[in-house]
2 protein chains.
Amino acid sequence: MLQTNTNVSYQAPGHGGLCNVRDVLDRIGDRWSVLVIATLGDGPLRYSELRRRIGTVSQRMLTLTLRNLERDGLVRRTVTPETPPRVDYALTEVGSTLHERLAPLIEWAEENHPHIAASRERFDSALKRSS
Amino acid sequence: MLQTNTNVSYQAPGHGGLCNVRDVLDRIGDRWSVLVIATLGDGPLRYSELRRRIGTVSQRMLTLTLRNLERDGLVRRTVTPETPPRVDYALTEVGSTLHERLAPLIEWAEENHPHIAASRERFDSALKRSS
DNA sequence: CTGAATCCCACCCGATACTG
DNA sequence: CAGTATCGGGTGGGATTCAG
């Protein structure tokens, strides 16, 4: 087992590691944060372009997600006073380190999606037979 | 930029990569899946021990989370007919590859929690001043 | 010990309309 | 273009109860 020492602090009863992990995971565990960070991984983007790339996100949720990421110091918001207004978003240094950890996960998701879909089908049809 | 090629398929309009990524992230993006996978990373555990380690999870949610992970082929459920009954949970091979991608993320969460908490405080008190 | 079933509410998030 | 404000449905998930 290679991973034995990755989560030493989990057993700490009631305090420490696990709660903090939950704090952070709750933030990026919502519907859009991971996709925003992944999309900004290619470089800064303005609001409209970011929205276009993600495609299915609503105006409200994109704004909300960006605010929270900015609040946590993961994304930097830069306003350029023009008409029409221009706002660019970029990962901070800390945000970039998160993106580095996220990239393998996203890659994994793409690679293993077929396997997971197949497994779901097997499971569901096995359930059907036993009902 | 090192990560330029990690999300090549994102721009694919309406089909392909991004949707699949969302499929998978929706599964592990819930409140408990990541913590369950991380906890099982140390090795197989029976239901009660798993629950004790996570600590704050309700019976219902732990069972539900495990069912979904089993459905997706990430966790294997082994029943040993005894009295009282004994059920062990372990990562599958695929589940282990996910855990490998997850471990750096969790480590990141632990390391950066202080920074994030501080950033939140700064942001909130800056808001207060401007209100 | 492991788990299924039911109740129920907070909140997430989408749709829509309005503003500088 | 880049937001903010408001409303409302859907649902995630906790508490509780029952069962094998």
Side-chain angles (χ1 to χ4, degrees), chain A residues 14 18-19 22-23 25-36 39-40 44-72 75-90 123-124 126-128 130-131, chain B residues 14 18-19 22-36 39-40 44-72 75-90 123 127 130-131:
Chain A
L18 210 159
C19 292
R22 284 299 316 280
D23 266 13
L25 291 183
D26 278 349
R27 156 105 343 279
I28 66 169
D30 62 27
R31 205 168 194 68
W32 300 111
S33 292
V34 168
L35 289 182
V36 166
T39 305
L40 286 180
L45 289 173
R46 50 191 302 184
Y47 183 88
S48 51
E49 177 64 9
L50 191 50
R51 178 152 195 228
R52 197 186 63 74
R53 295 221 192 171
I54 298 183
T56 58
V57 66
S58 70
Q59 219 173 33
R60 168 192 156 83
M61 287 318 297
L62 180 54
T63 301
L64 233 54
T65 301
L66 287 167
R67 279 297 168 283
N68 283 326
L69 291 174
E70 186 193 3
R71 184 170 102 105
D72 287 355
V75 158
R76 179 168 29 247
R77 180 172 180 267
T78 310
V79 180
T80 310
E82 300 177 349
T83 51
R86 173 194 184 99
V87 182
D88 288 274
Y89 291 93
F123 190 90
D124 292 344
L127 259 191
K128 215 177 95 183
S130 72
S131 70
Chain B
L18 209 159
C19 293
R22 284 302 316 280
D23 266 13
V24 178
L25 291 183
D26 278 349
R27 157 106 341 280
I28 65 169
D30 62 28
R31 206 167 193 71
W32 301 110
S33 292
V34 167
L35 289 183
V36 166
T39 306
L40 286 178
L45 289 173
R46 51 190 301 184
Y47 183 87
S48 51
E49 177 64 9
L50 192 49
R51 178 151 194 230
R52 197 186 63 75
R53 295 222 192 171
I54 298 183
T56 58
V57 66
S58 70
Q59 218 172 34
R60 167 192 157 84
M61 287 319 296
L62 180 54
T63 302
L64 233 52
T65 301
L66 287 167
R67 278 299 167 283
N68 283 326
L69 292 175
E70 187 193 3
R71 185 170 101 106
D72 287 354
V75 159
R76 179 168 28 247
R77 181 173 180 268
T78 310
V79 181
T80 310
E82 300 177 350
T83 52
R86 173 197 183 97
V87 181
D88 287 274
Y89 291 94
F123 189 90
L127 258 191
S130 72
S131 71

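Proteins get letters first, then strands, A, B, ... in listed order; numbering begins at 1 in each.
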Nearest 0.5 Å, what's the CH2-CG distance between A/Trp32 and B/Leu25? 11.0 Å
Rounded off to whole Å, could you give me the OH-to-C1' distance for the B/Tyr47 and D/dG20 pair? 15 Å
Taken to the nearest whole Å, CZ/A/Arg31 to P/C/dA15 is 11 Å
How long is the line joining CZ of A/Arg52 and C1' of D/dA2, in whole Å? 17 Å
Is any side-chain N or O of B/Arg46 closer than 4.0 Å to OP1 or OP2 of C/dT2? yes
Closest non-hydrogen atom pair, A/Arg46 against A/Pro85: NH2-O, 3.7 Å
Across the strands shown, which category fits B/Gln59 at heavy-atom distances under 4.0 angstrom: base, sugar-phosphate, nothing? base
Would you tell me if any nitrogen or oxygen in the side chain of A/Arg60 comes within less than 4.0 Å of OP1 or OP2 on C/dA17? no
Using only side-chain N and O atoms of A/Arg77, determine if any of them is under 4.0 Å from OP1 or OP2 of D/dG3. yes
If you look at every heavy atom in A/Ile28 and A/Val34, which pair is closest and at what distance? O-CG2, 3.3 Å
Give the nucleotide from the list D/dG13, D/dA2, D/dG3 with an atom nearest to the side chain of A/Pro85. D/dA2
Rounding to an integer number of Å, can you tell me how far B/Asp26 CG sits from D/dG10 C1'? 14 Å
So, is B/Arg67 close to the C/dA4 phosphate, meaning a side-chain N or O under 4.0 Å from OP1 or OP2? yes
Grab the CG-P distance between B/Leu64 and C/dT6 for me, whole Å please. 14 Å
How long is the span from the OH atom in B/Tyr89 to the CG atom in B/Leu66, to the nearest 0.5 Å? 5.0 Å
Looking at A/Ser48, I'd like to know whether one of its side-chain N or O atoms comes within less than 4.0 Å of OP1 or OP2 on D/dA2. yes
Round to the nearest Å and state the distance from A/Leu66 atom CG to D/dT4 atom C1'. 15 Å
Whole angstrom is fine here: how far is it from CE in A/Met61 over to P in D/dA2? 19 Å
Any B/Tyr89 side-chain N or O less than 4.0 Å from OP1/OP2 of C/dG3: yes
B/Val57 backbone acceptor or donor facing B/Arg51 side chain under 3.5 Å: yes
Atom CD of A/Glu49 and atom C1' of D/dA2: how far apart are they, to the nearest Å? 15 Å
